[in-house]
Structure formats: structure tokens, C-alpha cells
There are 2 protein chains.
Amino acid sequence: MSLQSLPGAVAKKEPVAEMRSAKISESAVRRLSLYLRLLQEADSLGQETISSEELADRAGTTAAQVRKDLSLFGSFGKRGLGYAVSELLQEIREILGLNRSWRVALVGAGKIGSALITYRNFRTRGFHIEAVFDTDPDKVGKRWGTQTILDDTEMGSVLAGKRIEIAVIAVPADAAQGVVDRVVASGVSAILNFAPVRLRVPKGVSLRNVDMVVEMEGLAFALTSTER
Amino acid sequence: MSLQSLPGAVAKKEPVAEMRSAKISESAVRRLSLYLRLLQEADSLGQETISSEELADRAGTTAAQVRKDLSLFGSFGKRGLGYAVSELLQEIREILGLNRSWRVALVGAGKIGSALITYRNFRTRGFHIEAVFDTDPDKVGKRWGTQTILDDTEMGSVLAGKRIEIAVIAVPADAAQGVVDRVVASGVSAILNFAPVRLRVPKGVSLRNVDMVVEMEGLAFALTSTER
DNA sequence: CTATCATTGTGAATGATTTCACAAGGTGTC
DNA sequence: GACACCTTGTGAAATCATTCACAATGATAG
Ligand SMILES: NC(=O)c1ccc[n+]([C@@H]2O[C@H](COP(=O)([O-])OP(=O)(O)OC[C@H]3O[C@@H](n4cnc5c(N)ncnc54)[C@H](O)[C@@H]3O)[C@@H](O)[C@H]2O)c1
Ligand SMILES: NC(=O)c1ccc[n+]([C@@H]2O[C@H](COP(=O)([O-])OP(=O)(O)OC[C@H]3O[C@@H](n4cnc5c(N)ncnc54)[C@H](O)[C@@H]3O)[C@@H](O)[C@H]2O)c1
């Protein structure tokens with residue numbers, strides 16, 4: 001069932017079909033995720049309404065940007081007043097698909113993997129790690145939190161059996177493409193990659209990279225070109 | 001000494017002063033970092049020349065984009081032939097400021113910190129972690145690789161004494177802003193932040209965020225809006 | 001030495017994103 | 001209920017980034 005077939009499910013007035021087919025930029029989605037976090041903070045402090053300006057200040061952007069981002073999905077505010085915090089919160093959760101939990105697998109039970117498995121912010125946001133895989137015979141069978149590390153050879157059947165939706169890749173760079181190919185073949189269509197390689201995925205599979213070396217090099221460039 | 005005062009130090013012909021003052025987009029810098037990695041791979045395989053098209057294929061972008069990115073800094077290719085791999089490699093290292101090592105401190109000796117401290121790709125790229133700080137009395141004094149974990153209260157003097165240039169923030173979200181304020185006061189002007197908060201830094205301080213929840217939520221959005 | 005070929009470097013065109021600016025709509029006051 | 005005041009939602013304008021397209025240039029073969 002596609003969202004296009006549910007006019008009005010997400011937003012209030014706009015032509016929903018267009019809304020959803022208009023492609024939303026990655027940076028807009030990043031900002032929405034940030035707004036959500038800021039709204040949750042405001043909400044937990046008991047704040048009831050917030051203006052685009054206040055939200056923008058906290059997010060480090062402009063009021064116009066906030067309003068434009070939100071207007072991609074509907075009109076959620078009250079003129080003269082701002083936005084109802086808890087209501088906007090809920091709208092953004094809906095937009096981002098966070099009113100449900102997601103089944104996640106972790107491939108690579110190494111150093112990064114061990115940090116991720118206990119990362120509370122994943123679980124509280126509805127990302128549930130439901131399988132962990134590794135090739136190392138010393139690791140397979142060990143318990144990691146609620147999970148037992150499974151052998152890499154079981155990956156295909158377990159991913160399909162558990163209907164895993166998102167895979168987190170935390171294996172060495174030279175193993176990453178092979179893992180991704182198998183993961184995709186098992187029906188996973190979203191991947192968060194920590195290995196420093198540019199992975200190839202078929203159309204229809206979403207890929208995000210977390211590349212710490214690229215970030216550090218960006219800082220080095222900034223320091224170098226400022227030359228303080 | 002500013003780079004502006006060294007015309008020709010980096011590139012070959014272009015008006016260097018303009019080049020450096022023209023601000024380079026963050027995405028261009030990210031791509032340069034990626035090109036560098038790909039060139040190193042090609043180089044270690046013995047490849048001697050590479051065309052913008054081949055580099056683009058490997059980087060997942062277009063040949064025009066590669067040429068435009070490089071042309072921001074000079075002309076490094078040979079028409080009809082392409083780029084000399086080892087030469088372009090060296091040019092990009094120079095552009096990004098990687099022909100030297102960088103003094104890095106890690107604040108927060110927790111799960112993420114322990115992964116980072118052993119991350120070989122940092123060290124091989126010239127990012128040397130020269131101090132680690134934590135507040136936890138059980139951790140302070142412990143040895144972590146080549147480093148002894150120092151008490152957070154020593155941070156100011158150690159950062160200044162070792163002339164640390166880049167700080168990696170791996171403390172809980174609610175401690176992060178306080179740490180950043182102190183780190184900046186000690187002369188650090190580049191920060192890599194892993195805490196899920198929007199940090200405030202004075203102008204002149206570079207900040208990059210690695211925000212895994214934002215990335216996961218981006219994947220959730222993609223899955224939700226595709227609705228497969 | 002000339003012709004052919006490949007590939008760069010770069011203005012100009014296009015496309016995407018952000019910012020501006022203001023009419024529209026809502027609240028609160030007297 | 002009229003007036004003053006805020007803040008949204010959104011076209012239009014401005015800015016920024018990418019792609020196109022081709023003249024310029026060097027390599028190579030004959
Ligand atoms: N350690 C860090 O701080 C850090 C930071 C950024 C990126 N990364 C990247 O993340 C990845 C993992 O890094 P790490 O430090 O955790 O390494 P690690 O060596 O500690 O862990 C890698 C794990 O992957 C397992 N593995 C290898 N091939 C596999 C396969 N085909 N299927 C399943 N498991 C397999 C290994 O047995 C090992 O347990 C690397 O690509 C690294 O470059 C690490
Ligand atoms: N674990 C993960 O996979 C993961 C992933 C993404 C982001 N993060 C973020 O990274 C940060 C650290 O996460 P973690 O899992 O390593 O947490 P952790 O609790 O394992 O480690 C945090 C460390 O910071 C120390 N600390 C607290 N206050 C400090 C201060 N003022 N100065 C110095 N040290 C201080 C604590 O003693 C602790 O050792 C958090 O903000 C977390 O949200 C973690």
C-alpha cells in the first residue's frame with residue numbers, strides 16, 4: 001500500500017499525491033530529523049508552542065528555512081502563534097516514518113559494532129537491532145547484549161526470516177561490498193555504512209555513509225585554508 | 001603566515017589569491033577527500049594515470065564534477081591523457097592539508113571513544129590522538145593504547161600545552177556543550193562531534209557532526225516514502 | 001610534419017536550494 | 001468589533017551547485 005493512496009494521512013490540506021512524489025532533498029530530511037530532536041527536548045521541558053524563529057535558532061538555521069521545510073509536507077502552524085510542540089513533533093515522526101519500529105541487523109561485531117549495539121538512542125528511536133553477524137569463529141556464538149553473534153553464513157536466511165529492513169555495515173573496507181551484495185539479495189533496502197568505501201547498491205536501495213576520515217579531512221582543510 | 005601570501009605554493013597557474021578566498025563548498029571538500037582515497041587505491045595497484053571519467057565512476061559522480069572540483073585549485077591534468085595518479089594524489093594531499101600530521105584530543109573515553117582510539121585510518125592519515133580525557137575516576141589513569149586517560153580537569157592546560165588542534169567530542173549529549181566551550185577556550189579550533197546535540201561554536205571554529213540517529217532517520221524516511 | 005584522437009579546463013546553461021518579503025490569518029486588547 | 005500585533009505559508013528572487021558542451025591542447029601514429 002503506497003502513501004499516495006492515503007491522501008491526508010500525513011498532512012492536512014495540500015495535494016498529497018504531489019507532495020509525496022516531489023522529491024525531498026537529503027538536507028531537508030536531515031533538518032527534519034534535527035527539528036524532531038529539538039522538539040522532543042522542548043516538549044520534555046514542558047514547552048507548549050514554538051515559533052519557526054525559535055526552532056531555527058536552536059537548529060542553527062533560519063526561520064524561513066524551517067517554514068519551507070515544513071511546508072513541503074503540509075501546514076502545521078498557527079499564524080500569530082507558532083507551532084504546537086507536541087503536535088508538530090508527532091507530524092514529523094509521521095513524516096519520517098518513526099511511528100513504528102524498524103528491524104535492523106548489524107554486520108561486523110568489532111569495535112564500532114560493539115559501540116553501536118549498546119547505543120541507546122537507536123533503540124529509543126525505534127531502531128531495533130535484531131541480528132548481529134560476524135565471520136570470526138572466536139566471536140560467533142558469544143552473547144552481545146540481547147543478541148547472540150551469528151555466523152556470517154547464516155546471514156541470508158536470517159535476514160530474510162526476520163524481515164530485516166536496515167543493515168548496518170561495520171566490517172573492514174575490503175569485505176564491505178561483498179556483504180552489501182548479499183544483504184541486498186536478502187531483501188534489505190536500506191544500509192548504513194561505516195566502512196571507508198564507496199559501495200555500489202542497486203537503484204531502490206538507500207545508502208548512507210558515515211565516514212569519519214572524510215570528516216577529519218574536512219576539518220584539516222578548514223584549518224589549512226584559514227591558516228590561523 | 002597565510003596561504004594568500006604564498007602564491008603558487010599550491011597550484012600551478014591560477015590566480016591563487018582568488019582561489020583561496022573563493023569559498024569552497026563542504027560537498028566539494030568531501031569529494032576531494034574521496035578522490036584522494038580512490039587515488040591512493042589506484043596508486044597502490046600501480047596505476048599511473050587516470051581520467052576524470054574513471055575517477056568519477058569510482059567516486060559515484062560525473063567527470064565534469066571531478067574536473068570542476070579540481071579546477072577550483074588549479075590545473076593538474078594533461079589534455080588527452082588524464083591525470084598522473086601519484087601527482088594528483090600529492091596535489092590533493094596538499095590542498096586538504098594532509099602533508100603534515102595533526103594533533104588531536106579525544107574527550108570521552110567511553111564506547112565510541114574506545115573504537116576511535118584504535119582506528120588505524122586516523123593515524124595513517126596523519127591524525128594523531130595525543131590526549132584522552134574523561135571525568136570518570138574509574139577510567140582516569142588507565143592506559144588506552146599509547147595514551148593514559150587524563151582527568152577532565154587537566155584538559156585546559158594539556159590541550160594548550162600540547163597545542164592540540166582538533167578535538168573529538170565523545171561525551172554524553174548534555175556534557176558536550178560544556179566540553180566544547182572549554183576546548184575552544186584552550187585554543188582548539190576544529191571539532192568533530194559525536195554527541196547528538198547542535199553545538200554552538202564561535203566564528204572561526206570549524207565543527208563537523210557525526211550524527212548516526214540522523215542518518216538512520218534518513219533511511220527510515222526513504223523506506224517510508226518509497227513504501228515498498 | 002600532419003592528421004587523428006582523447007581528454008582537459010571552463011564559460012554558459014540548467015537545476016536545486018535558500019532567502020526574501022509580504023499578504024493572509026490568527027490572537028489579544030479595549 | 002475594530003485595531004494592533006505576531007507569525008505563518010508561499011511565490012518570487014537570489015544564490016549556490018551541477019551539468020553541458022566545446023575550444024584548446026597534448027599525445028601518438030604514420
Ligand atoms: N574503529 C573505529 O573507530 C572506526 C571508525 C570509523 C570507521 N570504521 C570502519 O568500520 C569498520 C569496522 O571497524 P572496526 O574498528 O569495528 O573493525 P574490527 O576489526 O574491530 O571489526 C570488524 C569485524 O568485522 C568482522 N568481519 C570481517 N569480515 C566479515 C564479513 N565478511 N562478514 C561479517 N563480519 C566480518 C571481523 O571478524 C571483525 O569482528 C571498518 O571498515 C572501519 O574502517 C571504524
Ligand atoms: N555508542 C555509540 O554507538 C554512539 C553512536 C553515536 C553517537 N554516540 C554518542 O557519543 C557520545 C558518547 O557515547 P558512548 O556510547 O561512548 O557513551 P559512554 O557513556 O560509553 O561514554 C561517555 C564517556 O564520557 C565520559 N564523560 C562524561 N562527561 C564528561 C566530561 N564532561 N568530560 C570528559 N568525559 C566525560 C564518561 O565518563 C564516559 O566515559 C554520546 O553523546 C552518544 O550519544 C554514541
Side-chain angles (χ1 to χ4, degrees), chain A residues 10-16 18-19 21-32 34-35 39 42 47-85 87-88 91-92 95 218, chain B residues 10-16 18-19 21-32 34-35 39 42 47-85 87-88 91-92 95 218:
Chain A
V10 167
K12 282 164 182 171
K13 10 183 164 168
E14 271 60 34
V16 175
E18 258 112 307
M19 267 175 42
S21 53
K23 71 160 175 8
I24 308 298
S25 73
E26 193 174 292
S27 46
V29 176
R30 282 209 155 75
R31 286 190 301 266
L32 285 172
L34 178 57
Y35 302 156
L39 288 165
Q47 186 173 355
E48 302 202 339
T49 65
I50 194 167
S51 66
S52 56
E53 194 181 0
E54 186 178 352
L55 192 46
D57 279 354
R58 300 195 188 183
T61 180
T62 65
Q65 181 75 79
V66 168
R67 296 200 299 274
K68 187 65 89 174
D69 287 340
L70 296 175
S71 78
L72 293 168
F73 299 94
S75 15
F76 308 121
K78 290 201 179 53
R79 294 175 193 226
L81 256 196
Y83 302 86
V85 170
E87 194 182 293
L88 184 54
E91 293 287 358
I92 296 180
I95 290 165
Chain B
V10 167
K12 282 165 184 170
K13 8 183 165 170
E14 269 59 35
V16 175
E18 258 113 305
M19 266 173 44
S21 53
K23 70 158 175 7
I24 308 298
S25 73
E26 193 174 291
S27 46
V29 176
R30 281 209 156 74
R31 285 190 301 266
L32 285 173
L34 178 56
Y35 302 156
L39 288 165
Q47 184 173 356
E48 301 203 338
T49 65
I50 193 167
S51 66
S52 56
E53 194 181 0
E54 186 178 352
L55 192 46
D57 278 355
R58 300 194 187 184
T61 181
T62 64
Q65 182 75 80
V66 168
R67 296 201 299 274
K68 185 66 84 171
D69 287 340
L70 295 175
S71 79
L72 293 167
F73 299 95
S75 15
F76 308 120
K78 290 201 178 54
R79 293 175 194 227
L81 255 197
Y83 303 86
V85 170
E87 195 182 292
L88 183 55
E91 293 287 359
I92 296 180
I95 290 165

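Reminder, nothing fancy here: chain letters follow the sequence lines and each chain counts from 1.
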A.B. asks: Quick check: do B:Leu72 and B:Lys68 have side-chain heavy atoms less than 4.5 Å from each other?
C.D. replies: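 When only atoms from C-beta onward are counted, B:Lys68 and B:Leu72 do not touch, as no gap falls below 4.5 Å.
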A.B. asks: Can you name the residues that form a side-chain contact (heavy atoms from CB on, under 4.5 Å) with B:Thr49, not counting sequence neighbours?
C.D. replies: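 For B:Thr49 there are no side-chain contact (heavy atoms from CB on, under 4.5 Å) partners, ignoring immediate neighbours.
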A.B. asks: For B:Gln47, give me all partners under side-chain contact (heavy atoms from CB on, under 4.5 Å), at least two apart in sequence or on another chain.
C.D. replies: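 side-chain contact (heavy atoms from CB on, under 4.5 Å) check on B:Gln47 returns B:Ala42, B:Ile50, B:Glu54, B:Arg58, B:Val85.
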A.B. asks: Show the numbers, then the answer: is there a side-chain contact (heavy atoms from CB on, under 4.5 Å) between A:Arg30 and A:Leu34?
C.D. replies: CA-CA 6 Å; A:Arg30 282 209 155 75; A:Leu34 178 57; over 6 Å; no
A.B. asks: Could you check how far CZ of A:Arg30 sits from C1' of C:dT17, rounded to whole Å?
C.D. replies: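 Spelled out: CZ on A:Arg30 to C1' on C:dT17 is 15 Å.
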A.B. asks: Give the rounded distance in Å between these two atoms: CD of B:Glu26 and P of C:dT17.
C.D. replies: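 Rounded to whole Å, this separation is 16 Å.
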A.B. asks: Where each residue is assigned the nucleotide of DNA chain D containing its nearest heavy atom, which of A:Gly82 and A:Lys68 is assigned the position nearer the 5′ end?
C.D. replies: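 Nearer the 5' end of the strand: A:Gly82.
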A.B. asks: Partners of B:Tyr83 by side-chain hydrogen bond (donor to acceptor under 3.5 Å, both in side chains), sequence neighbours excluded?
C.D. replies: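 B:Tyr83 satisfies side-chain hydrogen bond (donor to acceptor under 3.5 Å, both in side chains) with no other residue.
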A.B. asks: Roughly how many Å is it from CG in A:Asp69 to P in D:dT10, rounded to a whole number?
C.D. replies: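 My rounded result for the distance is 14 Å.
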A.B. asks: Once you build an axis from the first five pairs and another from the last five of the helix from C:dC1-D:dG30 to C:dC30-D:dG1, how far apart in angle are they, to 10 degrees?
C.D. replies: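 Its terminal axes enclose an angle near 10°.
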A.B. asks: Generate the contact string for nucleotides 22-30 of chain D. Rules: B means base contact, S means sugar-phosphate contact only, - means no protein heavy atom under 4.0 Å.
C.D. replies: -BBBBS---
A.B. asks: Report the distance from atom CG of A:Leu72 to atom P of D:dG11, rounded to the nearest whole Å.
C.D. replies: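 Atom CG in A:Leu72 sits about 12 Å away from atom P in D:dG11.
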A.B. asks: Mind running a 4.0 Å heavy-atom check of residues 47-66 of chain B against DNA chain D and sending the residues that fall below it, in number order?
C.D. replies: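 Within this stretch, B:Thr62, B:Ala64, B:Gln65 sit under 4.0 Å of the strand.
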A.B. asks: For B:Ser27, which residues count as a side-chain contact (heavy atoms from CB on, under 4.5 Å) partner, sequence neighbours excluded?
C.D. replies: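 Here the qualifying residues are B:Ser25, B:Arg31.
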A.B. asks: Could you tell me how far apart B:Ile24 (CD1) and D:dA17 (P) are, to the nearest whole angstrom?
C.D. replies: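 Distance, rounded to whole Å: 10 Å.
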A.B. asks: Would you mind reading off the distance between A:Leu70 atom CG and C:dT18 atom P, rounded to a whole angstrom?
C.D. replies: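 Distance, rounded to whole Å: 14 Å.
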A.B. asks: What residues, two or more places apart in sequence or in another chain, satisfy side-chain hydrogen bond (donor to acceptor under 3.5 Å, both in side chains) together with A:Arg67?
C.D. replies: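 Partners of A:Arg67 under the side-chain hydrogen bond (donor to acceptor under 3.5 Å, both in side chains) test: A:Ser52.
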A.B. asks: Any side-chain N or O of A:Tyr83 less than 4.0 Å from the OP1 or OP2 oxygen of D:dG9?
C.D. replies: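 For D:dG9, OP1/OP2 do have a side-chain N/O of A:Tyr83 under 4.0 Å.
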A.B. asks: Taking all non-hydrogen atoms of both residues into account, name the closest pair between A:Gly218 and B:Val29 and its distance.
C.D. replies: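 The answer is CA-CG1, 3.9 Å.
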A.B. asks: Choosing from D:dC16, C:dT19, D:dT19, which nucleotide comes nearest the side chain of B:Lys23?
C.D. replies: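 Minimum distance to the B:Lys23 side chain belongs to D:dC16.
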A.B. asks: Does the side-chain contact (heavy atoms from CB on, under 4.5 Å) test come out yes or no for B:Leu88 and B:Leu55, once each step is laid out?
C.D. replies: CA-CA 11 Å; B:Leu88 183 55; B:Leu55 192 46; 4.2 Å; yes
A.B. asks: Do the side chains of B:Leu70 and B:Leu32 get nearer than 4.5 Å, heavy atoms only?
C.D. replies: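 In contact.
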A.B. asks: side-chain contact (heavy atoms from CB on, under 4.5 Å) for A:Ile24 and A:Phe73? Distances and angles first, verdict last.
C.D. replies: CA-CA 10 Å; A:Ile24 308 298; A:Phe73 299 94; 3.8 Å; yes
A.B. asks: Provide, to the nearest angstrom, the distance between the CZ atom belonging to A:Phe73 and the P atom belonging to D:dT10.
C.D. replies: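 About 14 Å, once rounded to whole Å.
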